[in-house]
Each structure stands twice: as C-alpha cells, then as structure tokens.
Protein chains: 2
Amino acid sequence: MNIFDAIPNDLSNEILESLVENKNVKIERIVSKGHSSPESGWYDQIHNEWVMVVKGKAKLAFDNKEPVILAEGDYLTIEAHQKHKVEWTDADKETIWLAVHY
Amino acid sequence: MNIFDAIPNDLSNEILESLVENKNVKIERIVSKGHSSPESGWYDQIHNEWVMVVKGKAKLAFDNKEPVILAEGDYLTIEAHQKHKVEWTDADKETIWLAVHY
C-alpha cells in the first residue's frame, strides 16, 4: 500500500480513509483539493490529532493562536479541544494528509 | 516541525526520535542509512507498528512470510509479535521512516 496511490479523480468532496483503527488510535489518510472547513465553525475534537502534510500545502487556523501554513513534511499536534479549521488547501493539486488520532 | 529537517550528519548509528508519546501510542521518526537489523535475531514487539517510508528505500524481512521492499510512500502494519527485521536500507542516502506504535 502506498500513501500516494489510488487518489480518486473526483475530489469534489474531501476524502477520508482509515488505514488503521483500534480502540486507542486511528491512522487516516485525508485527500483535499482546494477544500476548507465550513465557514460556520471550528473543529473541536475529543482526541489529540497528530497531522503531517505528505504532499501539497494547507493553512490551519486556530481560535486562540496564530495560523500555520503546512508544506510537505510539516507536522504538528492539535491537542484535544484545540479549536481549529482548515483555512485552505492547495487549489491546483491534491493535498495528502496523514492524521493520527490518539 | 518538518519530517525532513534536522537530519544529523553522523548517521553511523540509526537515529530514533519520539515525536509523540503517551500511554496508547508512540509516533517516531527513524533515520537510517545503510543500516540493517543485527544478524543474530528478529524483532519481536509487544505492540503493533504501522510504518511508512517517507524517503529512501528499505527491505523488511519476516520469519514466516515473503519480504517486502518499501519505497517512498509505502506503508504496512507489523502486527505485535510478527517477527521481522530490516534486511537493508538505501546505502547512498538516508531513509526516513515514520513509525506509529500502538
């Protein structure tokens, strides 16, 4: 299995795929293309999320701290209940994220 | 933080760095250059390990199934107690692994 493989042609919706899942952890591939979070609100998650941009580029915003632009290889941890949203992802090519929820 | 950054010049030993660690999960960056597991034995781990080659190339061997060559973006899960070893990693450039122990 390869993280760059099997990218669907239709990326009109963001695509989330679980690669590993058990009671303690979920490892997910997310493929975005020009997507952002809904305007209306923030993600507020009960688990921590470690996220890395494997390909592409994205901007993450937070309710109480400076936004971060993530390029290939950049990673960060979003603590549980840290309100955040995806401001934008690259509009020209897909952005592939690896997310570990724990 | 970037997965490609801060690669030490001295890679005479394989380098393991914990990026995230709690009671349920450990996310680790491993940098190898021409390293392989000790000849004498197999790794036999109590946890599952999901591993992806972010850069470089490596060959994983198992005690009871076919070996696997991993190139950039290739990932697999090594189940707990699946005996395995690293047969080789690229000798010419560093191989960067992302490992999630869970």
Side-chain angles (χ1 to χ4, degrees), chain A residues 1-8 15-31 45-60 62 65-82 93-102, chain B residues 1-7 15-31 45-60 62 65-82 84 93-102:
Chain A
M1 302 288 282
N2 187 288
I3 197 85
F4 302 110
D5 280 359
I7 306 291
I15 291 168
L16 289 83
E17 293 155 278
S18 178
L19 308 180
V20 162
E21 191 162 4
N22 74 1
K23 67 183 198 307
N24 293 325
V25 68
K26 181 164 77 168
I27 304 177
E28 199 173 48
R29 180 176 81 161
I30 304 167
V31 183
Q45 300 173 160
I46 59 167
H47 298 294
N48 301 305
E49 179 176 2
W50 181 89
V51 70
M52 180 170 80
V53 167
V54 180
K55 179 182 173 186
K57 199 175 251 197
K59 184 176 178 183
L60 280 183
F62 304 95
K65 58 180 184 178
E66 290 300 301
V68 178
I69 292 177
L70 298 172
E72 289 178 16
D74 286 339
Y75 62 84
L76 57 76
T77 297
I78 303 168
E79 304 284 341
H81 299 299
Q82 167 69 61
K93 58 175 182 181
E94 63 270 21
T95 293
I96 301 177
W97 310 75
L98 185 72
V100 182
H101 304 267
Y102 65 96
Chain B
M1 303 285 282
N2 188 288
I3 197 85
F4 302 110
D5 280 0
I7 305 291
I15 291 169
L16 290 83
E17 293 155 278
S18 179
L19 308 179
V20 162
E21 190 162 4
N22 75 0
K23 67 184 197 309
N24 293 325
V25 67
K26 182 165 76 168
I27 304 177
E28 199 174 48
R29 179 176 82 161
I30 305 167
V31 183
Q45 300 174 160
I46 59 167
H47 297 294
N48 301 306
E49 180 177 1
W50 181 89
V51 71
M52 180 171 80
V53 167
V54 180
K55 180 182 174 185
K57 200 174 251 197
K59 184 175 179 183
L60 280 182
F62 304 95
K65 58 180 185 179
E66 289 300 299
V68 178
I69 292 177
L70 298 172
E72 289 177 18
D74 286 339
Y75 61 83
L76 57 77
T77 296
I78 304 167
E79 305 283 342
H81 299 300
Q82 167 69 61
H84 65 283
K93 58 176 181 181
E94 63 272 20
T95 293
I96 302 178
W97 310 75
L98 185 72
V100 182
H101 304 267
Y102 64 97

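In what follows, chains carry the letters A, B, and so on, assigned in the order in which the sequence lines appear, proteins first and then strands, with residues in each chain numbered from 1. Below, each value reflects all heavy atoms present in this structure, side chains not excepted, and no hydrogens, waters or symmetry copies.
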Of B/Leu19, B/Ile27, B/Val20, the one forming a side chain to side chain contact (heavy atoms under 4.5 Å, CB included) with A/Thr77 is B/Val20

The interface call for B/Asn22 against chain A, heavy-atom contacts under 4.5 Å, is side chain

| field | Side-chain heavy atoms of A/Leu98 within contact of B/Met52, under 4.5 Å | value | yes

So, the part of A/Met1 with a heavy atom under 4.5 Å from chain B: the answer is both

Listed by number, the residues in residues 69-76 of chain B that come under 4.5 Å of chain A (heavy atom to heavy atom) are B/Glu72, B/Gly73, B/Asp74, B/Tyr75

Distance col, row A/Glu21:CD vs B/Tyr102:OH, nearest 0.5 angstrom, shows 11.0 Å

